[in-house]
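In what follows, every chain begins at residue 1, and chains take the letters A, B, ... in the order their sequences are listed.
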Number of protein chains: 2
Amino acid sequence: MMETNGYDTYSCPVGKTIELISGRWKPIILYLIQHGINRFGSLQKKMPKISRKVLTEQLRDLEKQGLINRDVRVSKHPQEVFYNLTDTGLSLRALIDQIFEWGAANLLDETSQKKAKSLMLDQAEE
Amino acid sequence: MMETNGYDTYSCPVGKTIELISGRWKPIILYLIQHGINRFGSLQKKMPKISRKVLTEQLRDLEKQGLINRDVRVSKHPQEVFYNLTDTGLSLRALIDQIFEWGAANLLDETSQKKAKSLMLDQAEE
DNA sequence: TCAATAAGTTACCAAACAGTAACTATCAAC
DNA sequence: GTTGATAGTTACTGTTTGGTAACTTATTGA
């Protein structure tokens, strides 16, 4: 019987993956970016309850984790910053969709399901 | 263009689902319980780094969330407590497996992959 | 009667995380 | 040269989470 030093969060792929999308806002941010809401300001507008500080932190985290790119265009009037998903980010998004499906099926009452659906984006909108 | 009050974590099925398996140890606990490690003491042995306090808290959470049942057998010598997955818990486990797959494929180097695989359980063991 | 085992509980402390509000930098238009 | 927009940063504060260590309850077996 193999001797191990046991399970712990930080050696577990599940723990690590969940870390990527913890920080509370990250799944939503990834979702919005994928759907063309990819500026700091427009992200803020879609998530009125997040503070600039936390939004910055989360975006920096996602960048460090290799899930998004930060693309600054200085050439323009006020500097513009665009975010977009990396390949890893995109593949994680697919996983998040599965999590969404499970949650929608198992956790939400009907009213909430409608509300959630009403927030789904088909393509970029401002 | 529909007016909404925006996205936030607590109305999002993804956020709610992630909450279920946050608390750091919960995915591991669910995994172990499913594989027959279903006593307080044997769970502790498999996770040497969790404290009794936190283990108790996590188990109570999982119970409240309807993912596990707590089953006390007083008839025996010292009281025995068994935990097992509910149907919801089982279906969540399937989701966690998908998270595991993604994490193993995208996050771990080879050595860690081997370590993770070495911890996988096929059936109950002590 | 005393120690051991199972499964906790309690009080206390430290670190991590999140929120508020004020401040910064850059450029363009007026 | 002041205002306004974009995209932040910083200092401070409060809440949540997790960790340690000592204590608890119930029962069995020596």
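- Between the side chain of B:Y7 and the main chain of A:L119, a donor-acceptor pair closer than 3.5 Å is present.
- Side-chain contact between A:Q34 and A:L90 is present, with at least one heavy-atom pair separated by less than 4.5 Å.
- In this structure, A:L59 places its CG atom 14 Å from C1' of D:dT6, rounding to the nearest Å.
- By the 6.0 Å and 45° rule, B:R93 does not stack over the aromatic ring of B:Y31.
- We find that CD of B:E19 is positioned 12 Å from C1' of D:dT16, with the value rounded to whole Å.
- The separation between B:L55 atom CG and C:dT10 atom P is 16 Å, rounded to whole Å.
- Tracing side-chain contacts under 4.5 Å through hydrophobic residues (I, L, V, M, F, W, Y), one reaches A:L121 starting from A:I33; they form part of the same cluster.
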**Fill in**
Readout for nucleotides 17-23 of chain D: B = base within 4.0 Å of protein heavy atom, S = sugar-phosphate only, - = neither; 5' to 3' it is -BBB-B-
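- Using a 4.5 Å cut-off on side-chain heavy atoms (C-beta onward), A:L107 and B:L20 make contact.
- Proximity of B:V81 to B:R39: side-chain heavy atoms (C-beta onward) are nowhere separated by under 4.5 Å.
- Using a 4.0 Å cut-off, no side-chain N or O of A:R39 falls inside it from OP1 or OP2 of D:dA5.
- Nucleic acid contact class of A:Y83 (heavy atoms, under 4.0 Å, all strands): sugar-phosphate only.
- We find that CD1 of A:I29 is positioned 11 Å from P of C:dA18, with the value rounded to whole Å.
- Between A:F40 atom CZ and C:dA25 atom P there is a gap of 17 Å when expressed in whole angstrom units.
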Side-chain atoms of residues 61-72 of chain B: list all donor-acceptor pairs with protein atoms under 3.5 Å, sequence neighbours left out, distances to 0.1 Å.
unit_1, atom_1, unit_2, atom_2, d
B:D61, OD2, B:K26, NZ, 3.1
B:R70, NE, B:Y83, OH, 3.4
B:D71, OD2, B:R73, NH2, 3.4

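- Note: CD1 (A:I18) to P (C:dC17) measures 15 Å, nearest angstrom.
- For A:Q44 and D:dA7, the CD to P distance is 9 Å, given to the nearest whole Å.
- A sub-4.0 Å separation between OP1 or OP2 of C:dG8 and a side-chain N or O of B:R60 is present.
- Atom CD in B:E80 sits roughly 15 Å away from atom C1' in C:dA4 (whole-Å rounding).
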